[in-house]
Protein chains: 2
Amino acid sequence: MSEYPKPDAIVDVVLLTLHADTLCVFLARRDREPFKGAWALPGGFIHVVDKDGVEEDEDVEDTARRVLREKVGIVAPYLEQLYTFSGRKRDDRGWTLSVCHFALVPGALLAAPAATGAETALFPVDMLPYDLPFDHEAMIAMAVRRVRGKSSYTSLPLFLLPEEFTLPELQDVYARVLDKEIPTSETKSFRRKILDQGFVEEIPGRMSTPRIGRPAQLYRASSDELSQVRPSAPLARIASAR
Amino acid sequence: MSEYPKPDAIVDVVLLTLHADTLCVFLARRDREPFKGAWALPGGFIHVVDKDGVEEDEDVEDTARRVLREKVGIVAPYLEQLYTFSGRKRDDRGWTLSVCHFALVPGALLAAPAATGAETALFPVDMLPYDLPFDHEAMIAMAVRRVRGKSSYTSLPLFLLPEEFTLPELQDVYARVLDKEIPTSETKSFRRKILDQGFVEEIPGRMSTPRIGRPAQLYRASSDELSQVRPSAPLARIASAR
DNA sequence: GAAATAGTGTCTCTGAGACAATATTTC
DNA sequence: GAAATATTGTCTCAGAGACACTATTTC
C-alpha cells in the first residue's frame, strides 16, 4: 500500500491503581532485549495477525486489552487512549510509534500475582525506579496528569474503588488521586458536590461495618457512570485548586 | 525488528479557522485512490525516510507539520495531537493507523489559495460535505469537541485571531468557537475573566479604528500565551455552560 | 461516658451574571 | 444631538468553604 518503510507500531499501557492509600503504576520486568530485566510498562506490538496469520487485534484499544489480559491477567474497568509517542529517537532500534493507553482498576484486582511468570510490582507514581526504558517515564507522568486533571471535574476515581464504598472512602480516594488533602472543613462541600452531580447512588439499608466509630452509608456508582465518565457541570469542580 | 506485519501509519490534520464568523475546517480534494476527487482532510503517510532513502519525519508532529506545509502551504501557530484512529475496518485496503492532529490558524492565513494545485475549501464544521472518506467526519467532530472543551477554560481561541485584536472581537471569537451567544449582560464578566487570567495584555495607546462607534483598546496575547496555552484557574471558566 | 467516626445546619464571602450608566467615536 | 459601539460601577444571588454541632457506633 505504501511505498515507504513503515514505523513499528506498539501499544503501551499505564495501569494505575490505589495501593496502600497511594496512587501506583503497574510495572513488569522486561523479558526481552532491549532493556531485558528492567522495570517497564506492559506493552506489545500491534498484532494485525497472530503467529498463524489469523486476524488478531481489531484496533489499538483491542491491542491494549490484549496486553492487559496477557501481561497483567486482568480486564480493566476503565481504559482510555492517552497519547501517541513516536519518533526516530525513542527506541535505538529505529523509528517507532507507541499508542499509549492508561487504565484504572480497583486495588483488589491486582492483589493476586500476575497471570504471567514475569516479576511485577506496583510503584507509587512519585517513587518510580530509575532508568525506565524508552519514554515510559513521560508516559506515566502524562497519564497521572490526565487522571488528575479529569478527576477534578469527573467521577473518574470511582474506577479505583470496589463496587460498594462509603463517601468518606470516596473523599479519601479523591484526595489521594489529586495528591491534595481535602480538609475536614470541606467534607460538607465535597458531599454536596458528589451527591448533586448524581455520580453515586445510595444502597438502601447497606452500611459499612467499621471496627470503631459510626458506620457509614454504602454507595455505588450510579448505573450510567461505569460505562461513561460524566463530566460535572463546568462550574462545579470536585476539588478546587486553591 | 517485529516479526509481525505492521499497520500502515498515517497522519491526518483537522485544520480549523474562523471564516465569515464561522468555525470552519480545511478540506482538499483527494488526488489519488481510494476516494479520488472526494473532499478529505489533508494527510499523508509517515515518512521514516523520503524517496531517496534520506531520513525525513522526526516524529508524528513533524509529519503533521510537513502535511500542513506541503498540502496547505502554511505553518500553523497551534498544533496538537488529537487521537489515534486505528483498526482493520477504517480503510478498505487494510489495517491502518492515523495519528490525527488538529491545528488552529487565524483566518487571514488561509485567504491565499493553497500552495498546491489541489482544489481546497473551508467548510463550516456543522455543514460538512456528505460522504467524507474513512473516519474523517469523526476526526472533525472530535477536534471540534476538543477545541470547544479547551476553549471554555483556556486562551486557545487566541490562535484564531490576528496579532492585534480588541476585547469585543475576542468575545465574539469565543462565542463563535463555543457556538454559544454571550449575552451583552455578560460582557463585563467576560472581560473580568479574560483580564484577570492575564491571557492578554493591552497595547498601550493602540486603538481600533471602526467606521462608526467608539474605538476599542487593542490587545495582544501575553508573551507566554502563544507558546503555551495556559489553563485558567479551575473554577474560573471563560464561558459557562448554562 | 469517652473515643472515634459519620453526617448536617447554617453562616460568610467570593465571584459570576445582570443591567444601568457612562464614554467616545462618526454623521 | 442621534446612533453606534466600548467600557465601567455596582447590585444580586448561587454556591464553595468554614465550622460548630449532632448522630451512631465500640469499648
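Here is the naming used below: chain letters follow the sequence lines, and residue numbers restart at 1 for every chain. Side chains are part of it too, since the values below use all heavy atoms of this structure and drop only hydrogens, waters and symmetry mates.
A donor-acceptor contact shorter than 3.5 Å is absent between the side chain of B/Thr120 and the backbone of B/Ala28. Between the side chain of B/His19 and the main chain of B/Thr17, no donor-acceptor pair closer than 3.5 Å is present.
Following rounding to the nearest Å, B/Tyr153 (OH) and C/dG15 (P) show an atom-to-atom distance of 21 Å. Remark: P of D/dA16 and CG of A/Leu195 are 13 Å apart, rounded to the nearest angstrom. In this structure, NZ of B/Lys180 is placed 7 Å from P of C/dG17, rounded to the nearest angstrom. Put simply, CG on B/Leu170 is 13 Å from P on D/dA6, counting in whole angstrom units. For A/Arg191 and C/dG9, the CZ to P distance is 11 Å, given to the nearest whole Å. Taking atom CD of B/Glu181 as the reference point, atom P of C/dA18 lies 14 Å away to the nearest angstrom. Between B/Asp172 atom CG and D/dT5 atom P there is a gap of 12 Å when expressed in whole angstrom units. One interatomic measurement links the two molecules: CD of B/Glu186 to P of D/dT12, which rounds to 19 Å at whole-angstrom precision.
Each of A/Arg192 and B/Asp196 was matched to the nucleotide of DNA chain C holding its nearest heavy atom; the match closer to the 5' end belongs to A/Arg192. Two residues, A/Thr187 and B/Glu169, neighbour DNA chain D, and the one matched to the more 5' nucleotide by heavy-atom proximity is B/Glu169.
In this structure, a donor-acceptor pair under 3.5 Å is present between the side chains of A/Glu80 and A/Tyr78. Between the side chains of B/Ser86 and A/Asp59, no donor N or O sits under 3.5 Å from an acceptor N or O. For the residue pair A/Thr166 and A/Ser208, no side-chain donor N or O sits within less than 3.5 Å of a side-chain acceptor on the partner.
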If you restrict it to nitrogen or oxygen atoms, what contacts under 3.5 Å exist between nucleotides 23-27 of chain D and the protein, and what is each distance?
residue: D/dA23; atom: N3; partner: A/Arg214; partner atom: NH1; Å: 3.0
residue: D/dT24; atom: O4'; partner: A/Arg214; partner atom: NE; Å: 3.4

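Across D/dC19, C/dA18, D/dT8, the shortest atom-to-atom separation from the side chain of A/Ser185 is found for D/dC19. The B/Pro168 side chain lies nearest to D/dT7 when the options are D/dT10, C/dG7, D/dT7. Nearest nucleotide to the B/Lys188 side chain, out of C/dG17, D/dT8, C/dT10: D/dT8.
Dashed line: the shortest gap from a side-chain N or O of A/Ser189 to OP1 or OP2 of D/dG17 is under 4.0 Å.
Aromatic pair A/Tyr219/A/Phe165: centroids not less than 6.0 angstrom apart.
The aromatic rings of A/His136 and A/Phe134 sit tilted relative to each other, their planes meeting at an angle between 30° and 60°.
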